[in-house]
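Lettering follows sequence order; numbering is per chain, from 1. All values below come from the heavy atoms of this structure, side chains included, with hydrogens, waters and symmetry mates left out.
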Number of protein chains: 2
Amino acid sequence: MQPSRENDFQLQPVAAPLRPHLAVDARRPQKASRDNPVAMTQPTETEMTDASGRQPRARFRPPAVSQVDVGGFWGQRVDAVAGRTADILYQRCVEAGMLDQIDPDRPSPGVRIPFHIREGSAASTVTTQMFWDSDLGKTIETAAYALHRKANPALEAKIDAVVDMYARLQQPDGYLSSWYQRIQPGRRWTNLRDCHELYCAGHLIEGAVAYFQATGKTRLLDIMARYADHIASVLGPEADKRKGYCGHPEVELALVKLARATGKRTYLDLARYFVDQRGQQPHYFDTEARARGADPGDFHFKSYEYNQSHKPVREQDKVVGHAVRAMYLYSGMADVATEYGDDGLKAALERLWSDLTSKRLYVTGGLGPSADNEGFTADYDLPNETAYAETCAAVGLVFWSSRMLGMGPDARYGDMMELALYNGAMSGLALDGSLFFYENPLESRGAHHRWKWHRCPCCPPNIGRLVAAVGCYMYGVANDAIAVHLYGDNTARLEIAGAAVRLTQTSRYPWDGAIALAVGLDAPTRFTLHLRIPGWSRNAELAVNGAAVDLTSVIHDGYAAITRDWANGDQVQLDLEMAVEQVRAHPEVRQDAGRIALKRGPLLYCLEATDNQIGLCRVRVPERARFEPRFEPELLDGVMTLSASVQADDTSDWTGTLYRTEAVKTKTTSIKAVPYFAWDNRSPGEMLVWLRGG
Amino acid sequence: MQPSRENDFQLQPVAAPLRPHLAVDARRPQKASRDNPVAMTQPTETEMTDASGRQPRARFRPPAVSQVDVGGFWGQRVDAVAGRTADILYQRCVEAGMLDQIDPDRPSPGVRIPFHIREGSAASTVTTQMFWDSDLGKTIETAAYALHRKANPALEAKIDAVVDMYARLQQPDGYLSSWYQRIQPGRRWTNLRDCHELYCAGHLIEGAVAYFQATGKTRLLDIMARYADHIASVLGPEADKRKGYCGHPEVELALVKLARATGKRTYLDLARYFVDQRGQQPHYFDTEARARGADPGDFHFKSYEYNQSHKPVREQDKVVGHAVRAMYLYSGMADVATEYGDDGLKAALERLWSDLTSKRLYVTGGLGPSADNEGFTADYDLPNETAYAETCAAVGLVFWSSRMLGMGPDARYGDMMELALYNGAMSGLALDGSLFFYENPLESRGAHHRWKWHRCPCCPPNIGRLVAAVGCYMYGVANDAIAVHLYGDNTARLEIAGAAVRLTQTSRYPWDGAIALAVGLDAPTRFTLHLRIPGWSRNAELAVNGAAVDLTSVIHDGYAAITRDWANGDQVQLDLEMAVEQVRAHPEVRQDAGRIALKRGPLLYCLEATDNQIGLCRVRVPERARFEPRFEPELLDGVMTLSASVQADDTSDWTGTLYRTEAVKTKTTSIKAVPYFAWDNRSPGEMLVWLRGG
């Protein structure tokens, strides 16, 4: 079918596979056919108006991965994912037995329950998982971005084979779940609360959109659009449909992506339904539990705060429960708020944002301190050594922050996206792209290391797809504006009202705050260029074609807004002061009391044992300590280190003594700090972010 | 049988039930008979000589619980156990289904494996446990001491019924294990490494000795002596016996108790065999695993360090593995070293002692920081909030310390026994005796509370039996000497070379350091009185019958030794300075860097939220802060509190901010500290031991 006019909404240019080695041009509209039931639409310029006829605010949508080529710092990171991580992810999925679960031509592996005994002869069985479709979805997504970066016919063939398995697995009515079709048949739509059914759909949708954008191949996108149509026929506001939504949010943001890629508003409406139905009474998870003969009170996590369905989302004002679920939910809410221009939803999001960022966030942008609920505990409870701070949660905060920017440039969100990306999220991936953190503590005695894989392997493909897609977080594009959210070497091919805009950033960022931005245009074009002035920069200077701009007069919400008729060859120069700062935490954060963290630009720093031959908690950083930044090209793929002379507790008069009443003596010593994201890439040993201050 | 002369060894007077309401006189030797196969021996005065003919050093053995009546501080605590805990323990054992497991007249409950699923519909089944005999053993032991303190016919009848079940359960060959007879029959002696078979025997032996001492009833003691005889027929150095020992040490120290109570040297020799066989090659746990068709490499905890069998005990010098196992092993080793005058074993114990106390011990006397192995990790790794510091481990340190004192008075051991008893162990029991800590953290955000019971209920009866038996830790008695290890109101009925010695302490200890000690004798008797001069006391004054004693001339190893012809009515006055001290930890203890702990006399202090309306980590205690002790009779059953004016981080200029670069402002505030053992007995809230100093 061709989507009807009524079903249209304004959308981002459909991402085109721009890599030269692919001959397909996915921008060409494709006819709907039996083999290709979902046609790709061209973007329309018609602004969607909502039912009230109100003109919603501008929507800043991200470019596709294929529109931004990154170099410099991020180029190295993306190359690690494209050159190594993408293949590893696929291989680990195979080793875990995932293909046995999804391939309908193989015998079903069946349910095996992981099984632990503390005492006695221990047994632990890793087994089929109800969320494996999601891991494959993210693996496909990472592979898609990797294929855009670097041709890899062997990997592409493997992904095509997985897509083929899903094509054969899909039921005639469109339903698709390897768990409910192969492992627990007959139970579909009976436990949305616990079983990740829509969550899996969401990740496969995201994978499908990405794979289409990277390769132009529509097969998986068709499959997932059919499944999304089926979902919309089963769940929704109509009387004959179930009033459910997923215990693990994700499908909401995925449906928005699908809507943007296909132009079908149905998916957007379904996303909004899921968002607004969450937490309504009678509570769906109660109803559903009773329907399957269970007692709703038997819910393992006791409170629906765990999955953020304890109350309608518009009434929520505390970030609670499972951290990844929270981030994915808020991301979906922000997408819906952006697309519908929904101020009520935006207000709820701002309350939640304020709660997270003023009481429940690590200085790294990590979040969710507790392993028990993989999530939040109490205000100001931010333990460092036992921090769960799941990689996926920081990745989720990048998602949420980037989607808050959909409603307009605001440095609160841009700064946070940058913080979580460079620190709490990126620490989850080894520099060479081969190993993964699940937890991201801010202190280690030397026993915490990245893993090859995990029984619940959500984090590896999540950090993989984030890093490989970093280009699309750098910009936001509206009808008459471009926002530059992140800085660093890159070239972007964007479009404003049909006019191609090429932006080229040249910068050593994040090591240096000098950014040169060149504008490429076929003809002069009027639009507003929004440039983020990071909150961490105490001084910033801006010039357009060599003429200084008075920043105070053009800054709104932390972005400098320059509206003019831009011409080809225009040059923007932004210089951000990037000083070493000692950061303090709110005094109610017990674990950081009397301590300081080192930050320079967007990067948090830490001490590692390999650079500092002293117990790291013996170090005390005086307020007056002067840190010397030095770029070390051979260290950790090239990083800026920070060195200073500080005080250290002396142990020489403690022989054989563990406790004493006499005061501790101190001596002078030197320390060297490295960026937090790069820790645990060398000799194992102690690591510390929060150093003793004062 | 009557034990032969050769089989005799010098032993402590058999504990007599001294409570007036019992007519039985267990001190009267009982004839061996078919119903009573083990005769109780009278003490002999013959000193045992070892094979070499060497005269071993003096042995200081503890009095029985029935010989010391405690009042004052400990009287309150013992009354809580006798009045409440003892009944609760029995009731919880019944509720857990333990009697279903041990009563041969009931159907076997069978094996049910505890079962957990993190995601999805959660299930957790508490079930039959292989170590339940041990919990019943400790419950019987606690009940025994409680019955000595306070008649409780209902409880005594219940314990008699349990004894009757064990009598009916015991096999004709003497074997006795509810797990291997009722739950997993046919597998006895196949997995000493994991299955607590001898550990269970040990705890039932301890219970049997205590129940005999308290009630004069010999039935359980007979049962357990028969079982011990059976064990000695199965395990031992002879060619036809298994070369095994228990993965969880305990039976070693229990066999020494049994030997002392029965006069049978066989049990002592078996204890020594278990101690010395541990860790020998070929490794018994390897041999045993292969014999049951298992791969020794599949051991869940990977290294035999977990159960301290990684090398022969005489070669060990690091405290490693499971903390309770370590403490029980070292206790058994110390008993064997004491009884055999074994200097080689003593040297190994001193190396282990030095390792524990200089690198791996909490300031509370708690130990074993990690939940993963319920034990030790790395040197100086002593996390406060996540401290496992199992109650049983601190109880075990009291056991070990007290047994090191068997080899002679030494304040290193006496001070440690006191520290672990008053702090790390006693915190495990609520003031009213009804609730129990398993973990004993040194910091809490307010969510850590005592439990009603535990799936692995080792700690409740362990702290119960320790507190109820506190009197026997106060003294050590040798042939010609009495050591006073602990101070406090009490009356002790001891015996030196056949002469009765009554010691009466009058003191407000631990709130006050003034101790009056009156000697009661039927006739003047020459012996040495050893009085511990605690290391925490900066000044001590000693007088005998009003005449000052020059301490420097009489102190050896931290004990003042007064040898004289003591006469009835002699008065000893000891005055210990008891100042408030700020304690610092070795700078390599990361978690305590820059922090101080408050200590007065034997007691560690902490801040609790209910006394201090401020986030506790905001508090900073200057070195010059003066703490005012004040006894508050209405607070926490009457405690000495410590109050001072200190500094606190100001939060008033932080509204809405979680991190900032500006320095933190401070203000003056007052704080009040309470003894650590008494925390979590009032409104829930934050607790902190290590306060920010400097």
Side-chain angles (χ1 to χ4, degrees), chain A residues 113-117 119-122 130-131 191 194-196 294 298 300 354 357-359 361 363 377-378 380-381 383 385-386 443 445 447 581-591 593-594 597 615-618 620 623 649-651 654 656-664 686 692 694, chain B residues 113-117 119-122 130-131 191 194-196 294 298 300 354 357-359 361 363 377-378 380-381 383 385-386 443 445 447 581-591 593-594 597 615-618 620 623 649-651 654 656-664 686 692 694:
Chain A
I113 304 297
F115 173 64
H116 296 274
I117 311 181
E119 297 280 346
S121 54
M130 57 180 67
F131 43 74
N191 190 350
D194 302 322
C195 293
H196 299 72
D298 282 348
H300 180 72
S354 164
T357 57
S358 68
K359 299 191 184 84
L361 187 70
V363 70
T377 54
Y380 305 113
D381 182 42
E385 190 166 9
T386 62
E443 177 174 356
R445 68 176 174 85
E581 304 275 10
Q582 293 191 20
V583 178
R584 280 89 176 174
H586 189 288
E588 287 290 343
V589 181
R590 296 174 291 128
Q591 297 87 354
L616 302 181
C617 279
R618 289 170 56 191
R620 191 169 57 72
E623 197 169 341
D649 290 350
D650 192 359
T651 56
W654 277 84
T657 308
L658 186 54
Y659 300 107
R660 74 181 195 195
T661 54
E662 195 188 335
V664 179
E686 206 184 341
R692 290 166 56 209
Chain B
I113 303 297
F115 173 63
H116 296 274
I117 310 181
E119 298 280 346
S121 53
M130 57 181 67
F131 43 75
N191 190 351
D194 302 320
C195 294
H196 298 73
D298 283 348
H300 180 71
S354 165
T357 57
S358 68
K359 300 192 184 85
L361 187 71
V363 71
T377 54
Y380 305 114
D381 182 42
E385 189 165 10
T386 61
E443 177 174 357
R445 68 175 173 88
E581 304 275 10
Q582 293 191 20
V583 179
R584 280 89 177 173
H586 189 288
E588 287 290 342
V589 182
R590 296 174 291 128
Q591 296 87 355
L616 303 181
C617 278
R618 290 169 55 190
R620 191 169 56 75
E623 198 170 339
D649 289 349
D650 192 0
T651 57
W654 277 84
T657 307
L658 185 53
Y659 300 108
R660 74 180 194 195
T661 53
E662 195 188 335
V664 179
E686 206 184 341
R692 291 167 55 209

*With a 4.5 angstrom heavy-atom cut-off, which part of B:Gln582 approaches chain A: side chain, backbone, both or neither?*
backbone
*For A:Ser358 and B:Gly656, which heavy atoms make the closest approach, and how far apart are they?*
CB-O, 3.5 Å
*Can you tell me how far CD of A:Glu443 sits from CZ of B:Arg590, rounded to the nearest 0.5 angstrom?*
5.0 Å
_Counting heavy-atom pairs closer than 4.5 Å to chain A, which one of B:Asp381, B:Asp649, B:Thr657, B:Asp650 comes out on top?_
B:Asp381
_Value rounded to 0.5 Å, distance of NE2 in A:His586 from CG in B:Leu658_ = 8.0 Å
*In terms of heavy-atom proximity below 4.5 Å to chain A, should B:Leu361 be classed as side chain, backbone, both, or neither?*
both
*May I ask you to test the A:Arg445-B:Thr377 pair for a side-chain heavy-atom distance under 4.5 Å?*
yes
*asked:* Looking at chain B, which one of A:Val664, A:Leu616, A:Val583, A:Val589 has the largest number of heavy-atom pairs inside 4.5 Å, strictly under?
replied: A:Val583
*CD/B:Glu588 to CD/A:Glu686 distance, rounded to the nearest 0.5 angstrom?*
7.5 Å
*asked:* Please rank B:Gln591, B:Glu623, B:Arg620, B:Glu385 by heavy-atom pairs under 4.5 Å with chain A and give me the top one.
replied: B:Glu385
_Toward chain A, the part of B:Thr386 with a non-hydrogen atom under 4.5 Å_ = side chain
*State, to 0.1 Å, how close A:Cys617 and B:Ala593 come at their nearest heavy-atom pair, and which atoms those are.*
O-CB, 3.2 Å
*Of the backbone (N, CA, C, O) and the side chain (C-beta and beyond), which part of B:Ala597 lies under 4.5 Å from a heavy atom of chain A, both, or neither?*
neither
*Decide, yes or no, whether a salt bridge links B:Arg584 with A:Glu662 under the criterion of side-chain N to carboxylate O below 4.0 Å.*
no
*Determine the option with the most heavy-atom pairs under 4.5 angstrom with chain A, choosing from B:Gly594, B:Ala294, B:Ala663.*
B:Ala663
*Quick one: what part of B:Arg692 sits under 4.5 Å from any heavy atom of chain A, side chain, backbone, both or neither?*
side chain
*Has the side chain of B:Tyr659 got a donor or acceptor atom that lies under 3.5 Å from a matching backbone atom of A:Val363?*
yes
